[in-house]
Number of protein chains: 2
Amino acid sequence: MAEAEAGQARNDTRAQIVARAAELFALWGYAGASISDIAAAVGVSKPALYHHFAGKDELYTEIVVTVLSGMLDNARSSLRRIKDPAERLRVFMRAHADYFESNQHAYVAAQLGFRGLGGKQEKRDRALKCRDAYEQLLRDLLQDAHESGALRIDDVAVAGRLVLSSLNWMARWYHPDGKLRARDFADQYATMLLDGFRPRPSG
Amino acid sequence: MAEAEAGQARNDTRAQIVARAAELFALWGYAGASISDIAAAVGVSKPALYHHFAGKDELYTEIVVTVLSGMLDNARSSLRRIKDPAERLRVFMRAHADYFESNQHAYVAAQLGFRGLGGKQEKRDRALKCRDAYEQLLRDLLQDAHESGALRIDDVAVAGRLVLSSLNWMARWYHPDGKLRARDFADQYATMLLDGFRPRPSG
């Protein structure tokens, strides 16, 4: 029991370090936040922080893995019961926006790029695998929609990139104090991407 | 004549400082590149650099103004003879991609955000004015297309954001050594945005 509690306390500190580091990276950039800044923000000593992470790059990789695996799980569970191909795209986009809205600091930090990826090779591989799996999930969704005839998407790689660009760029302009939630914008984007700007004969 | 030459040399040094600073900011982030790094990269002393710019924030503002005013001029001149509303959107997107491709470091540096904006108020205002004018150019283009009936765009602000998101995010994944140019991707995006993913009766 005492051992379980010690393990829990260790995990809590670790989670706190990741959360505060994400905040500082999001605010000041990767180079702008030092290990000392992060330790001070958590309220632990530098050696205590190094007990959890070998360095800033390993800590950064942890943030990236947390975000990418979280987005992947979130998208998969949101899509579980959705059958309609166009609706699947909309649900994917909403889920992405929801994750961003609920995890803004970590999301922005993870977006700073893979330049800071470091630490154990295993962890770095996991980050890249999560990213690839997320992109593949979207491409498969688009490919299925194309094959069923519900959508017409000649290049799923470019179409997937267009979808992700619209969502990823939100981190640059979205203000949580506005009237609309991130998912509302994702919804509007989904409609525009599905219908296009050219008027449709029926509409 | 000697005075004109001295003025020219001064402008050349200034332009070189801006170019090398853009490169370092693009590679290392705003916090990651110091005035000393920039001076060393240009091959001038720190005092010589301070002769041109009062500080890093003023230098950064100069980069942002250069990029935004360059994009605005580029878009305006590209659109000058284009009348067809859908074609105007395509030309705007291509012009944006071309500017990005020809000025990658400065473009990426300017994208780091307005957090580093500093220096004279006049210059900061100019940066914001250029950004607003660029966004307005795109919105006007979309609004005109909507009013003419050529396109149907119910919310030009959101549509404009979708267009700019697709283009701005290029800086995060585009590799100049690939087969396709940035403008080719902009072209594919334009087609997708105009036609939408849902099949059209005629097509």
Side-chain angles (χ1 to χ4, degrees), chain A residues 25 27-34 85-86 89 108 111-116 135 142 145-146 149-174 180 184-203, chain B residues 25 27-34 85-86 89 108 111-116 135 142 145-146 149-174 180 184-203:
Chain A
F25 288 147
L27 289 171
W28 303 108
Y30 181 75
S34 68
L89 175 62
V108 170
Q111 259 196 12
L112 292 170
F114 285 175
R115 220 175 282 141
E135 288 181 9
L142 295 170
H146 180 76
L151 302 182
R152 180 180 166 165
I153 299 172
D154 295 321
D155 190 326
V156 295
V158 174
R161 212 171 248 157
L162 175 56
V163 169
L164 290 179
S165 301
S166 72
L167 299 167
N168 283 332
W169 195 251
M170 276 193 193
R172 298 304 296 270
W173 58 264
Y174 178 72
L180 297 180
D184 300 325
F185 289 106
D187 234 34
Q188 294 189 60
Y189 284 167
T191 300
M192 287 177 183
L193 289 170
L194 287 166
D195 292 341
F197 293 155
R198 278 192 224 276
R200 287 178 178 259
S202 56
Chain B
F25 289 147
L27 289 170
W28 303 108
Y30 181 75
S34 68
L89 176 61
V108 169
Q111 259 197 11
L112 292 170
F114 286 175
R115 221 174 281 141
E135 288 180 9
L142 295 171
H146 180 76
L151 302 182
R152 179 179 167 166
I153 299 171
D154 295 322
D155 191 327
V156 294
V158 175
R161 214 172 245 156
L162 175 56
V163 169
L164 290 179
S165 301
S166 72
L167 298 168
N168 283 331
W169 195 251
M170 275 190 194
R172 298 304 296 271
W173 59 265
Y174 178 73
L180 297 179
D184 299 324
F185 290 106
D187 233 34
Q188 294 189 61
Y189 285 168
T191 299
M192 287 179 183
L193 289 170
L194 287 166
D195 292 341
F197 293 156
R198 277 192 225 277
R200 289 181 177 256
S202 56

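Side chains included, hydrogens not; waters and symmetry mates left out as well; all remaining heavy atoms used. In the text below, chain A, chain B and the rest are named by the order of the sequence lines, each starting its count at 1.
- Interface residue A:Ala150: only backbone heavy atoms are found under 4.5 Å from chain B.
- From B:Ile153, atom CD1 reaches atom CZ of A:Phe197 across 5.0 Å, with rounding to the nearest 0.5 Å.
- For A:Leu167, no part lies near chain B; criterion is any non-hydrogen pair under 4.5 Å.
- Taking chain B as the reference chain and counting heavy-atom pairs below 4.5 Å, the highest number among A:Pro199, A:Ala31, A:Gly32 is found for A:Pro199.
- Between B:Phe185 and B:Tyr174, the ring planes are perpendicular. Angles over 60° get that label, and only those under 30° would be called parallel.
- Separation of atoms CG (A:Asn168) and CD (A:Gln111) is listed at 5.0 Å; rounding is to 0.5 Å.
- Using a 4.5 Å cut-off between heavy atoms, A:Asp154 makes no contact with chain B at all.
- The aromatic rings of A:Tyr189 and A:Trp173 sit perpendicular, their planes meeting at an angle over 60°, well past the 30° parallel limit.
- For the atom pair CG of A:Leu162 and CG of A:Asp155, the computed distance is 11.0 Å after rounding to the nearest 0.5 Å.
- Proximity to chain B (any heavy atom under 4.5 Å) is shown, for A:Ala159, by both the backbone and the side chain.
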